[in-house]
Chemist: 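Before anything else, here's the structure in question.
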Amino acid sequence: MCGIVAYSGSRPALPVLLSGLKRLEYRGYDSAGVAVATPTDITIRKAKGKVSELVNLLSEESSLESSTTGIAHTRWATHGPPTQENAHPHAGGKNGIALVHNGIIENHRALRDKLKADGYTFLSETDTEVLAHLVDSLYQGNLTEAVIAALKEVEGTFGIAAMAHAEPGTLVVARRGSPIVLGLGEKETIVASDASAIIKHTRQAIYLDDNDIATINGSDLDIRTLDSGTVTREASEIDWSSDAAEKGGYEHYMLKEIFEQPEAISNSIRGRLDHERGSALLSGLNLTPRELAELHRVLIVGCGTSMNAGLVGEYAVEDFAGVLAEVEQAAEFRYRNPIVNPSDLVVAISQSGETADTLAAVREAIDKGALVSGLVNTVGSTIARETGRGVYLHAGPEISVASTKAFTSQVSVLLMMALKFARSRRMSREAGLQMVREIEAIPALVQQVLDQNDAIAKVAERYLDQTSAFFIGRGYMYPVALEGALKLKEISYIHAEGYHAAELKHGPIALLEASVPVIALCNDGPGKDKTLGNVAECQARDSRVLGIVTKGDREAIATVDDFIEVPACPLHTAVVPSTVALQLLSYHIARLKGCPIDQPRNLAKSVTVE
Ligand code: G6P
């Protein structure tokens, strides 16, 4: 998390830096800062709070407007609370060096003690200031060499951008475990930790690899690795439109992203369904027919929303392909020394492709010799690159912290994966064609839920005042209950838990009373009758029940207190429209409560620490 922007070129740097920070604010937003080169020194300005605070601070500083080189940062606190002192950039020595950093320097304490003994004074509690002083202590007139020497001493992860007063116009940037992308412009380079900060200026980009270090001056670039000389990194074209990265008239990014889902899912599906063979293509998986046939088990790892999508994948892979499947929290997978075989496929699911725990699980699986694939939205992200056999979601940039279109695209791709595995085994062509049609229908099913937005907003009005809620479902609707509860707590701060409908009576039912509503997934299909029985149990404890019901299902409608209808479809695809209904419900509850929907407290879009 945290965001980096840096600029070297012929234009004034500040507008580029500040607009880039705004674009990256979703990555971290508790403080922000810039450093720009002036004829006499490097000027650093920082502010606690959002980027707008920094913009206000700088509005009175006309002397900085002509600077054409600078670095900037928006922070999500790891070491030390969100204060002005702890905000980046940090100065090394006597302001000769300025540096911004994403990631964590793990040996910062030992380095801090050593630097203190050498006479350095620290103004902040951050590991980043340690790095800035370390670079300063090794600086002998060449910033690139000083940064290389410093990075050889640090343990941990970093994406950094640094500048030195004595080398005007020069930026030195590097990465290990935290992304850095170079946007190539006319006589200028815009550096960022995420391509969304540069697309306004250029679509030509170079993604640095781990241990790459780049020296930049205007459009002059020299990229080398920490251990060797100059290397060549090919530029690629960013295919996001800048419109896609703007709010497009919606009140919040989250609402925009909810409404983008028919298109996002269509993009995820496009060109991947084989109407001839009744299968899915997914060539990025890069599995030979033999590897497919010998697949022993599918292990799915992810965090948060991505893990909930993984659970749908587990059910679908076992259901259709008859292949063993398990989903596991990525952090747990890494540390509990799991049993992984060469004939296991580990599928890492991540919207950002940068989540530290998921990345660590990927590396663990690679070390254990499994086939490892990434199901990732962000092109060029670390997980996408390290897994090699990836399937991109193509859902477009997801800006709101609460994940929406990534989840529904993940589920759509997982269903295609299940179809592909199933067709390599027992599933007939005819059954495969049927599933192809079901997957193709998903965008239209979602649209039918979106068309009920106003009605869902009305239902939300009845669920504003509660402080606690339960979501229940069974079968394919169990992951939907987990995801619905996660969404509600993330953005509305209402305590919400998702449970298997049958599990409620093994403890949580003790908490039910009139002030605790239950949101029940009562979709028509196997298990519905039992869930309606659970609904009655909740009502008997005075809970108000909001049912997600299949359109026109009179029995379900008559049982629940309030309802939202989703179109009739098989349960494995009903996951998607039902989740969309719950996204809208959470959105409207949070909106009516006046919550900061796109940037909820304490959360970050991409969690690159363990
Ligand atoms: C954070 C976000 C969640 C997201 C999770 C996993 O916690 O706030 O919305 O589901 O990370 O992120 P990933 O990018 O790996 O899908």
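Only heavy atoms go into these numbers, but all of them, side chains included; no hydrogens, no water, no symmetry mates. For ligands, and for the atoms within them, numbers begin at 1 and follow the listed sequence. Here the structure is a predicted model, which is why all the values come from computation and not from measurement.
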Chemist: Which residue pairs pass the ring-ring contact (aromatic ring centres under 6.0 Å, His included) test with at least one member in residues 578-610, sequence neighbours excluded?
Modeler: His252-Tyr587
Chemist: Between Arg23 and Asp194, does any NZ, NE, NH1 or NH2 come within less than 4.0 Å of an OD or OE carboxylate oxygen?
Modeler: no
Chemist: So, using salt bridge (Lys or Arg N to Asp or Glu O under 4.0 Å) as the criterion, who are the partners of Arg297 when residues are at least two apart?
Modeler: Glu326, Asp344
Chemist: Name the orientation class of the two ring planes belonging to Tyr315 and Tyr476 (parallel below 30°, tilted from 30 to 60°, perpendicular beyond 60°).
Modeler: perpendicular
Chemist: Counting only N and O atoms by type, is there a donor-acceptor contact under 3.5 Å from the side chain of Glu106 to the main-chain atoms of Glu155?
Modeler: no
Chemist: Pro596: which residues meet the side chain to side chain contact (heavy atoms under 4.5 Å, CB included) condition with it, sequence neighbours left out?
Modeler: Tyr493
Chemist: List of N/O pairs, ligand 1 versus protein, all under 3.5 Å?
Modeler:
| unit_1 | atom_1 | unit_2 | atom_2 | d |
| --- | --- | --- | --- | --- |
| ligand 1 | 8 (O) | Ala604 | O | 3.0 |
| ligand 1 | 9 (O) | Val401 | O | 3.3 |
| ligand 1 | 10 (O) | Thr305 | N | 3.0 |
| ligand 1 | 12 (O) | Thr355 | OG1 | 3.3 |
| ligand 1 | 14 (O) | Ser350 | OG | 3.4 |
| ligand 1 | 14 (O) | Gln351 | N | 3.3 |
| ligand 1 | 14 (O) | Ser352 | N | 2.7 |
| ligand 1 | 14 (O) | Ser352 | OG | 2.6 |
| ligand 1 | 14 (O) | Thr355 | OG1 | 3.4 |
| ligand 1 | 15 (O) | Ser350 | OG | 2.6 |
| ligand 1 | 15 (O) | Thr355 | OG1 | 2.5 |
| ligand 1 | 16 (O) | Ser306 | OG | 2.6 |
| ligand 1 | 16 (O) | Gln351 | N | 2.7 |

